[in-house]
Amino acid sequence: MSEEKSLNFIEEIIEKDLQDGKHETILTRFPPEPNGYLHIGHAKSICLNFGLALKYNGKTNLRFDDTNPVTEETEYVESIKEDINWLGFKWTNEFYASDYFDKLYEFAIILIKKGLAYVDDSSSEEIAQQKGTPTIPGIRNRFSERDIEENVKLFTEMKDGKYVDGEKVLRAKVDMSSPNMHMRDPIIYRIKHAHHHRTGNKWCIYPMYDFAHGQSDSIENITHSICTLEFIPHRELYNWLIQQLAIFPSQQYEFARLNMTYTVMSKRKLLQLVNEKHVVGWDDPRMPTISGMRRRGYGAAALRDFCDKIGIAKRENLIDIGLLEFCVREELNKTALRRMVVFNPLKITITNFNKEEEMVSIEDNPEDPNSTHRMVPFSKEIYIEQEDFMEIPPKKFFRLYPGGRVRLKGAYIIECNEVVKDNEGNITELQCSYLPESKSGNDTSGIHVKGTLHWVSKAHAVHAEVKLFDRLFHIENVAEAEGDFKDHINPNSLQIIEKVYAEPALLDIDIQKKYQFLRKGYFCIDKDSTKEKLIFNRTVTLKDTWAKEVKKN
RNA sequence: UGGCCUAUAGUAUAAUGGUAGUACGACAGAUUUUGGUUCUGUUCGUCUUGGUUCGAAUCCAGGUAGGCCAACCA
């Protein structure tokens with residue numbers, strides 16, 4: 001048990017807290033706002049929060065931060081739960097900040113009664129103006145001098161719906177000259193006559209983030225409240241409120257959010273892509289959402305592995321999406337069923353093959369020593385990939401060319417004898433001969449060939465549609481780029497091949513299973529598939545060192 | 001030009017005053033019935049200037065660079 005992996009800074013804090021007896025056990029929480037679908041950045045936070053609890057024998061609550069009824073919907077709640085489940089984590093309690101609205105209201109009254117909160121009638125512009133700037137202290141207005149009774153009365157009336165949206169707010173009375181803008185009498189309650197996805201029309205005032213999050217943490221006895229860097233300035237207020245209310249002292253810790261190359265990681269931008277139909281939905285396979293990646297065929301284990309590999313720190317980062325793809329391939333290589341599928345067929349007639357057909361046995365996964373096998377029909381007319389033949393081959397090309405030999409995966413070695421062309425000079429067919437003694441697994445020919453090609457028997461081929469995805473944006477750092485982020489959308493991020501030619505075994509579909517189309521990449525069944533029309537999504541390509549070689553020359 | 005956070009290889013992330021390591025990438029090679037996988041090797045780094053110390057990526061001070069903060073969003 002030599003756990004050599006070093007601790008991240010949060011684990012260090014936790015181990016110290018446990019050692020010092022500050023906490024007997026830890027309680028974390030994952031606090032999404034149900035106003036969009038979860039993305040890979042959330043996965044980092046989920047793996048952190050749930051992972052910590054798992055590691056230190058603690059617990060994790062799922063708590064929806066639903067304090068803004070205008071943007072929040074039940075559809076999002078459902079998708080979030082599905083995504084966390086799929087990632088493989090179990091929450092101890094499912095809570096909602098809205099569960100605490102009564103309690104939060106009481107907290108506000110306590111603050112008012114302590115003279116630490118007041119009702120302000122100013123407009124949002126006035127409040128902003130009075131707040132000052134980082135270099136100029138803010139000033140308090142006359143409303144801040146209202147006495148406690150009046151504040152209680154006014155706040156009660158706010159709750160009772162006596163005022164319209166924006167007419168009044170409740171502010172904490174902290175420090176208008178603090179260098180921390182969040183301490184300059186922050187708004188803690190605002191009026192919103194809006195229907196809430198859980199509390200319906202019960203409330204027309206809603207607490208702000210700062211007056212809901214920390215208090216919810218405290219109510220649940222969260223020991224380590226982990227959030228992203230941009231909340232650092234909120235920590236002072238978080239602590240101040242907990243102290244004034246004299247409630248359980250949860251503590252906030254911040255880590256750097258995930259940024260990834262060639263994509264965006266903000267719910268606002270993702271929502272825009274969805275609403276403006278740049279993608280088909282939140283679960284479009286090109287989206288960095290968890291549901292998009294799931295639909296694309298990324299495995300949950302791969303996502304977890306990725307989150308583990310990128311680490312936790314406080315430094316701004318931009319992770320190469322190639323690392324995610326590495327994790328995805330690593331998982332799929334071990335688990336995907338191999339199948340042969342030809343995308344751009346080139347017909348080959350094997351002139352000396354005179355049987356009707358011959359079934360050859362091919363392993364489903366060569367990585368698995370106990371792999372099952374399937375039977376694949378071989379016959380006189382087969383298809384190979386157009387790109388696997390060149391009339392004038394470059395150096396180091398070890399696929400088919402006139403006079404050259406290749407092995408057909410799981411079958412025989414063939415030699416190209418003749419190139420058949422149409423009137424315009426297009427290659428329409430190859431005439432080849434096979435070496436009967438070169439059969440896979442029983443090769444007595446003594447001949448070694450460099451290349452092995454995938455192939456499909458023409459008479460037995462079944463069909464499917466294939467979707468090939470490329471990066472959604474064509475620049476690395478979308479967030480830093482000039483202008484509107486949508487100007488950098490890759491117009492060729494989706495390529496559809498309507499008819500590919502596959503070996504019959506592809507019809508034995510298992511929706512759960514992932515596939516590797518030999519030499520083409522990893523694929524999975526898309527949810528839009530029907531019995532009549534199978535649609536496969538390309539999860540990720542195989543590493544292609546030959547393509548790199550070609551590029552170099 | 002107020003406050004706060006951060007700075008280690010191309011990208012991430014370790015080293016917690018004592019040999020700068022790991023992963024991905026890149027490059028080279030071996031193996032291979034997937035130009036996949038696997039294996040081996042190579043390349044490349046402590047932002048800067050001082051200070052403390054026998055010894056500094058680490059501690060201190062100044063500088064520089066990047067990020068965050070002035071929503072009735074979270």
Side-chain angles (χ1 to χ4, degrees), chain A residues 4-8 12 31-33 35 65-68 70-72 120 122-124 127-129 131-138 165-171 178-182 184 187-192 205-206 208-210 212-213 227-236 254 256 261 267-268 309-320 322-327 329-330 333-334 338 340 362-363 366-367 396-399 406-411 413 438 440-441 443 448-454 476 516-521 541-550:
Chain A
E4 292 205 11
K5 197 161 184 275
S6 52
L7 304 177
N8 64 48
E12 281 179 5
E33 184 188 10
N35 67 346
D65 229 333
D66 55 349
T67 56
N68 185 0
V70 182
T71 56
E72 296 154 5
D120 192 333
S122 310
S123 68
S124 66
I127 289 175
Q129 205 183 26
K131 232 169 199 170
T133 72
T135 48
I136 303 166
D165 290 9
E167 196 174 340
K168 286 178 166 48
V169 291
L170 183 70
R171 287 230 253 172
S178 170
N180 182 347
M181 300 298 289
H182 294 273
R184 321 249 266 226
I187 294 169
I188 57 176
Y189 260 96
R190 78 289 214 188
I191 301 170
K192 272 182 196 284
I205 55 169
Y206 293 93
M208 296 285 289
Y209 167 85
D210 284 308
H213 201 99
C227 60
T228 47
L229 256 28
E230 63 272 26
F231 289 96
I232 288 175
H234 294 253
R235 191 175 58 222
E236 194 179 354
E254 311 87 6
T261 55
K267 277 200 264 184
R268 201 197 93 245
K309 280 189 161 71
I310 58 178
I312 299 293
K314 299 186 79 157
R315 191 183 334 161
E316 294 288 338
N317 58 76
L318 182 63
I319 308 275
D320 185 349
L323 181 61
L324 212 205
E325 292 174 343
F326 168 83
C327 295
R329 287 193 187 102
E330 194 175 43
N333 178 49
K334 292 188 209 117
R338 314 291 136 126
M340 295 196 290
I362 306 181
E363 74 281 342
E367 297 298 306
K396 292 200 266 184
F397 183 84
F398 41 89
R399 301 177 187 183
V406 293
R407 170 169 298 282
L408 295 175
K409 171 71 185 177
I413 293 174
S438 68
S440 260
D443 185 350
H448 284 282
V449 292
K450 267 275 182 107
T452 299
L453 306 184
H454 64 282
E476 268 206 341
Q516 184 196 105
F517 294 176
L518 237 60
R519 305 207 299 136
K520 304 298 290 184
T541 59
L542 259 25
K543 237 173 91 179
D544 192 347
T545 48
W546 171 243
K548 212 187 288 181
E549 184 72 27
V550 171

A:Tyr209 on top of B:A74's base, within under 5.5 Å and under 30°?
no
Mind checking the P distance from B:G17 to B:C24? Whole angstroms is fine.
30 Å
Would you indicate what A:Lys548 reaches in the nucleic acid, counting non-hydrogen atoms under 4.0 angstrom: base, sugar-phosphate, or nothing?
sugar-phosphate
Can you tell which of B:U33, B:U34, B:G2 lies closest to the side chain of A:Arg407?
B:U33
Using a cut-off of less than 4.0 Å, is there contact between a side-chain N or O of A:Thr67 and OP1 or OP2 of B:A74?
yes
Decide if the gap between the ring center of A:His234 and the ring center of A:Tyr209 is smaller than 6.0 angstrom.
yes
Ignoring hydrogens and angles, are the base of B:G35 and the side chain of A:Arg519 linked by a donor-acceptor pair under 3.5 Å?
no
So, A:Lys409 and A:Glu363, do they make that salt bridge, N to O below 4.0 Å?
yes
Among B:A12, B:G2, B:C68, find the nucleotide with the atom closest to the side chain of A:Ile310.
B:A12
Whole-angstrom distance between B:U22 and B:A74, as gauged at atom P
46 Å
N or O in side chain of A:Thr545 less than 4.0 angstrom from B:G36 OP1/OP2:
yes
Nearest-angstrom distance, P atom, B:G10 to B:C47
12 Å
If I pick the C1' atom on B:G25 and the same atom on B:U13, what distance separates them, to the nearest angstrom?
15 Å
Within the structure shown, what part of the strands sits under 4.0 Å from A:Gly451 by heavy-atom distance: base, sugar-phosphate, or nothing?
nothing
To the nearest Å, give me how far apart CE (A:Met181) and P (B:C73) are.
17 Å
Regarding A:Pro366, tell me which of base, sugar-phosphate or nothing describes its non-hydrogen contacts under 4.0 Å with the strands shown.
base
Side-chain donor/acceptor of A:Glu367 to base of B:U38, under 3.5 Å
no
Separation between the P atoms of B:A26 and B:G36, rounded to whole Å:
12 Å
Side-chain donor/acceptor of A:Arg190 to backbone N/O of A:Gly166, under 3.5 Å:
no
Nearest-Å distance for atom pair CZ/C1', residues A:Arg399 and B:G35
7 Å
Can you tell me if the side-chain N/O atoms of A:Arg190 get under 4.0 Å from OP1 or OP2 in B:A74?
yes
Regarding the side chain of A:Asn333, the nearest nucleotide among B:G25, B:C72, B:G36 is B:G36
Shortest side-chain distance from A:Phe231, nucleotide among B:A71, B:G35, B:A74:
B:A74
Looking at A:Arg315 and B:U6, is any side-chain donor or acceptor paired with a base atom of the opposite kind under 3.5 Å?
no
Just to be sure I understand the rule, does A:His182 reach a base, reach only the sugar-phosphate, or reach nothing, if contact means heavy atoms closer than 4.0 Å?
sugar-phosphate
Look at A:Lys131 and B:C69 and indicate whether a side-chain polar atom (N or O) is within less than 4.0 Å of OP1 or OP2.
no
For B:G62 versus B:U52, give the span between their C1' atoms, rounded off to a whole number of Å.
15 Å
Rounded distance in Å between the C1' positions of B:G66 and B:U48:
15 Å
